[in-house]
Amino acid sequence: MLKQDLSKFRSLFSGYTELRVQENRFSTIQLVGGNLVQNVSNSSTGVCARTYKNGSWGFASSSVIDDDSVKAVINASKENALFLDNKKSKGQGPIADFKLTNSIDFTTKKNTLSRKDKIDYIKEIDSYIATKYPQLFSRVVMAVNQDYEKNLVVSGGVVSYSMIPRTYIIISLTTMKDGKPITYTDYTGKCAQFEDFFLKANQHFKDVDLMYIKLMEKAEGEYAEAGAKTCILDSSITGILAHEAIGHTCEADFIMTGSIAADYLNKEVGSPLVSLVDFANNINGETLGVPVFVDDEGTLAQDATIIENGILKGYLHNKESALHFGVKPTGNAKAYDFSDEPLIRMRNTAILPGKSKLADMIASVEDGYYMTKTNNGQADSTGEFMFGVTMGYRIKNGKLGKAIQDVTISGVAFDLLKTVDMVSDEMTWNNVSTCGKKQPMPVGMGGPAIKCIVNIGGR
Amino acid sequence: MKNQEMIKFCLDTLMSSGADKAQCRYTEAEKYELNIDGNELSLARTTSNINIELSVIKNNRLGLVNLNKNDKEEIKAAAEEAVMNALSAPEDLAFDISPTQNSNSFKSGEDMPDKERMYESLNEFLSEAKVRFPFLMINQAYLSFNTRNIYFGNTNNTFFNERKGYYELSMMFLSKKNGKASSFNAYGYSTKDLKKSIMESGLVSDMLKESEEHINPKAYEGKFVGEVIISPDCFEEFLHEITRISLADQSIITGTSKYKGEIGNEIASGLLSWSSSPTSDEIASGYRITSDGYEANDIDIIEDGVLKSYLLTQYGAKKTGLDRSGSSGGAYIIKAGNTALAEMIKGIKKGVLFNRFSGGSPSSNGDFSGIAKNSFYIENGEIMYPLSETMLAGNLFELIKNISEISKERVNSGSSIVPWVKVPGITISGK
């Protein structure tokens, strides 16, 4: 059913209906101190249907995929919609119901590697660390493959098939300093299966060497001072800022339920140096880390400009919110699993590069910090955010100083953006993140380095 | 296939695929759920899913496969893949399945959702919230009824079955008035039935009230070291972080745990007694089968400040030579204290009522810093104003050592029973 045309079931639909067969396949290999602590493959397959009735939704799903089960799921979704509509009809009008056909498949064309080959690849990286840096207290090497395969039909005539993979590796090195563990973590990911991304284990060795240098710097690091400081936020942190602190507040479901950005459309929310886009699937022809071509409501995915030269230009929509705001949806409705309904999600969100050189940006700071790595972050309806920063350096009189220990930075996103006075001319992407908005969803986030003022929660 | 036969089929298939030892966990999960979006009922959902977890030990190597299909051919293919996964893995003598135990069956909660009562509960809640909290906006909420039917078996002839039914409410909300919005907040609880209204359950009404009070927060100006009263929700989150960095397998095996070698020693305030009680009747969403295939036990983690147990699985225990804990963690119960919450607040010269932590995961040395969300500034025993842009920093291990008061009152969220906890020595920094 994953590759069959599901159009034959359209005759069972009542009004606007989506029917989706989906399979998620995950594989994790994790070595901790050379011990294989995770060696697991998961798959989750099923069918779901979602029916719209006057503004109420019914949803049903099952892990059994055969004709009877598909029919049962369609009927259950209709009944669920009717249950709510009969209790209290909202009288809302019809939502967009497109007609298009799409097929995209990133399955590798190479011979599939065996489990043993993949474990050997990870072991080779682990062995390199163990041999070259035996003095480390501990080390973790983890490789993750995720395949998302979806087959969708929608009542208006959408027929869409996609197989979108993601592969990434995370390496953590830990040393002890004065009886306390100090850890440095790095990662890299791509829209590809293992075979198309991990070619030779030694491609990671120079990254490991660089990680060790940074770990040693961090071990000698100092605690950051608390308070508002001028900071250079490198792309890893700019990306999470774009996603957490700005992107979420501009998702239309939050806009309709109290996000502060509801009051800022077409107003200045940042310096003119700041532009922010949620990209659908590519930049200049290069496929991004988490591409969407047709979303899970059957909308053709297009880039969505959120901020342009400091002005808030638009929100991120699904079909229902687009109807409410009188705009076209841009393909931001995604579901994680077969048992999930599509929600408004970001895809590949980034602040756009500017014209400054990173070296000049650092040289311009008298007293502040250069923050380079983050481990997670959260944001609020008010635009207030916080991020854990796991690597950074003091800047004093335009020069990099000692590294800093783990710290949290915070601020109000739209206030911070107004303090941005330099934006670097290069950008990188983080393709390993997962957004936890009700359903865990792979997301891409990226950006250049930016110079701004943030609050630091030091000691 | 019936479920008991399913387990036997899986185990037989794993052995005939070449396993030395095998284990299987088969779960049937059903859910009926009503969703609220933007203060209105929006979606009704029914889902059913199965999960089969196949584990294989071969030549002291471990292979795992999860699938959600119960078709015989799919299970055979998955069994072969599990054995291949094992053959590709390095040898580790600590890999094993649980030993022979008496078979047992467990049942808790209702069998079917009361759909009409679920609809009424949410409707009553929305109507009452509209009157009592006119500026409240519920971004999303869901009330679900979940059944889990778990069958566990291994080739040491251990068989368990656990069937549980429970309701779960989860909501995310904020308040907005005159163009100003509070922080969003989130709360959830689980329960075995719907006898209590939503508004009367857990901390629901307290948090909705605080949400409206938070429409006009102020940032604290400056920085100080003060006393903090940590809410039950927030303290439970800290307990999970302490588990992750110092009690669970990985932290003990790698040696990064702060509590290595400390069993029997005083590592926390004498006021703190902390248990993991997955079989307690007071815990709605507990469990009876551990992740490593044993019948679950309730255990003391800390008793009167003394460390009694880690949370080691069989693998962690074999790896370290230490005792296996009887629990897989969670279902935390903290013993009630002696001080009323109101008295705890009155006793604070300068501090914070800390309701939600928004921060990065604490590092393995226990250091944390983050924003105090939905929190309040206290001065001379009085709650002065709601806080914004105010950060707290400290160390989790020092925090539980320095607990100075624990409240008489506790909150049962269905997954934990936790009081308020007062701690000195926390760095609080605002603008």
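The sequence lines fix the lettering, A, B, ..., with proteins before strands; numbering per chain opens at 1.
- Interface residue Asn49(B): backbone and side-chain heavy atoms are both found under 4.5 Å from chain A.
- Under the 4.5 Å side-chain criterion, counting only non-hydrogen atoms from C-beta, Asp406(A) is not in contact with Asp367(B).
- The contact between Ile138(B) and chain A is made entirely by backbone atoms, counting heavy-atom distances below 4.5 Å.
- Of all the listed residues (Met84(B), Lys31(B), Glu40(B)), the one sharing the greatest number of non-hydrogen pairs under 4.5 Å with chain A is Glu40(B).
- Annotation for Lys87(A): atom NZ counts as buried by contact number, over 12 foreign heavy atoms lying within 6.0 Å.
- For chain A, the nearby part of Gln250(B) is the side chain; its heavy atoms alone come within less than 4.5 Å.
- Looking at Tyr315(B), the atoms closer than 4.5 Å to chain A (heavy atoms on both sides) all sit in the side chain, from C-beta outward.
- The parts of Leu36(A) that come within reach of chain B are both its backbone and its side chain, each placing non-hydrogen atoms under 4.5 angstrom from that chain.
- Crowding of Lys78(A) atom NZ: a count of heavy atoms from other residues, nucleotides or ligands under 6.0 Å exceeding 12.
- The main-chain N or O of Asp66(A) is never found under 3.5 Å from a side-chain atom of Ser69(A) such that the two would form a donor-acceptor pair.
- Neither the backbone nor the side chain of Lys118(A) comes within less than 4.5 Å of any heavy atom of chain B.
- With a threshold of 4.5 angstrom between heavy atoms, Tyr52(A) does not approach chain B through any atom at all.
- Using a 4.5 Å cut-off between heavy atoms, Gln140(B) contacts chain A through its side chain alone, with no backbone atom that close.
- Side-chain contact of Ser41(A) with Ser27(A): a donor-acceptor pair under 3.5 Å is absent, judged by distance alone.
- By the neighbour-count criterion of 12 heavy atoms within 6.0 Å, atom NZ of Lys258(B) is sparsely surrounded, having that number or fewer from other residues, nucleotides or ligands.
- Each of Gly179(A), Ser138(A), Ala81(A), Ser44(A) has some count of heavy-atom pairs under 4.5 Å with chain B, and the biggest count is that of Ser44(A).
- In this structure, the portions of Ser62(A) lying under 4.5 Å from any heavy atom of chain B include both its backbone and its side chain.
- Within the 4.5 angstrom heavy-atom criterion, atoms from both the backbone and the side chain of Glu341(A) approach chain B.
- Residues Lys318(B) and Thr313(B) fail the side-chain proximity criterion, which asks for heavy atoms closer than 4.5 Å.
- Within 6.0 Å of NZ on Lys90(A) lie more than 12 heavy atoms contributed by other residues, nucleotides or ligands.
- For the options Ala219(B), Pro90(B), Ala181(B), heavy-atom pairs under 4.5 Å to chain A are most numerous at Pro90(B).
- For Phe357(B), the part lying near chain A is the backbone, with the side chain staying farther off; criterion is any non-hydrogen pair under 4.5 Å.
- Residue Glu74(B): no heavy atom, backbone or side chain, is found under 4.5 Å from chain A.
- Contact tally against chain B (heavy-atom pairs below 4.5 Å) for Asn375(A), Asp120(A), Thr374(A), Asn35(A): the top residue is Asn35(A).
- In this structure, the portion of Ser182(B) lying under 4.5 Å from any heavy atom of chain A is its backbone and not its side chain.
- Annotation: Lys437(A), atom NZ; neighbour count of heavy atoms from other residues, nucleotides and ligands within 6.0 Å is above 12.
- Heavy-atom contacts from other residues, nucleotides or ligands closer than 6.0 Å to NZ of Lys438(A) number more than 12.
- Within the 4.5 Å cutoff, the side chain of Gln439(A) has no heavy atoms near those of the Asp337(A) side chain.
- A salt bridge does not link Lys319(B) with Asp249(B): every distance from a Lys NZ or Arg NE/NH1/NH2 to an Asp or Glu carboxylate oxygen is 4.0 Å or more.
- Residue Glu23(A) touches chain B through its side chain alone, counting heavy-atom pairs closer than 4.5 Å.
- Listed options Ala82(B), Ser364(B), Gly38(B) were ranked by heavy-atom pairs under 4.5 angstrom with chain A; first place goes to Ser364(B).
- Using a distance-only test at 3.5 Å, with no hydrogens or angles considered, a donor-acceptor pair links the side chain of Asn39(A) to the main chain of Asn85(B).
- Ranked by heavy-atom pairs under 4.5 Å with chain B, the list Ser259(A), Ser410(A), Ser114(A) is led by Ser410(A).
- Looking only at heavy-atom pairs under 4.5 Å with chain B, the residue among Glu79(A), Met256(A), Lys88(A), Glu384(A) that has the most is Glu384(A).
- Heavy-atom pairs under 4.5 Å with chain B were tallied for Arg115(A), Glu320(A), Lys123(A), Arg25(A); the largest tally goes to Arg115(A).
- Using a 4.5 Å cut-off between heavy atoms, Ala60(A) touches chain B through backbone and side chain atoms alike.
- The side-chain heavy atoms of Thr45(A) and Phe338(A), taken from C-beta on, include no pair separated by under 4.5 Å.
- Proximity to chain A (any heavy atom under 4.5 Å) is restricted, for Asn35(B), to the side chain, taken from C-beta onward.
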Criterion salt bridge (Lys or Arg N to Asp or Glu O under 4.0 Å) on Glu212(B) and Lys177(B), from CA distance to verdict: CA-CA 9 Å; Glu212(B) 287 205 332; Lys177(B) 183 181 176 185; over 6 Å; no
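- Both the backbone and the side chain of Met386(A) come within less than 4.5 Å of a heavy atom of chain B.
- Within a 6.0 Å sphere centred on CD of Glu91(B), heavy atoms belonging to other residues, nucleotides or ligands number more than 12.
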Show, in sequence, the C-alpha distance, side-chain angles and deciding distance for Ile456(A) and Glu225(A), and conclude whether the side-chain contact (heavy atoms from CB on, under 4.5 Å) test is met. CA-CA 7 Å; Ile456(A) 298 179; Glu225(A) 286 174 12; over 6 Å; no
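- Of the residues listed (Ile182(A), Leu136(A), Val141(A), Thr185(A)), the one engaging Leu173(A) in a side chain to side chain contact (heavy atoms under 4.5 Å, CB included) is Leu136(A), and it is the only one.
- Proximity to chain B is absent for every atom of Ser77(A), based on heavy atoms less than 4.5 angstrom apart.
- Proximity to chain B (any heavy atom under 4.5 Å) is restricted, for Phe83(A), to the side chain, taken from C-beta onward.
- Only the side chain of Val140(A) has a heavy atom closer than 4.5 Å to any heavy atom of chain B.
- In this structure, chain A has a heavy atom under 4.5 Å from the backbone of Leu62(B), while its side chain stays farther away.
- When heavy atoms are compared at a cutoff of 4.5 Å, Ala262(A) approaches chain B solely by way of its side chain, counted from C-beta outward.
- Across Gly58(A), Ser43(A), Gly388(A), Gly34(A), the residue that shares the most heavy-atom pairs under 4.5 angstrom with chain B is Ser43(A).
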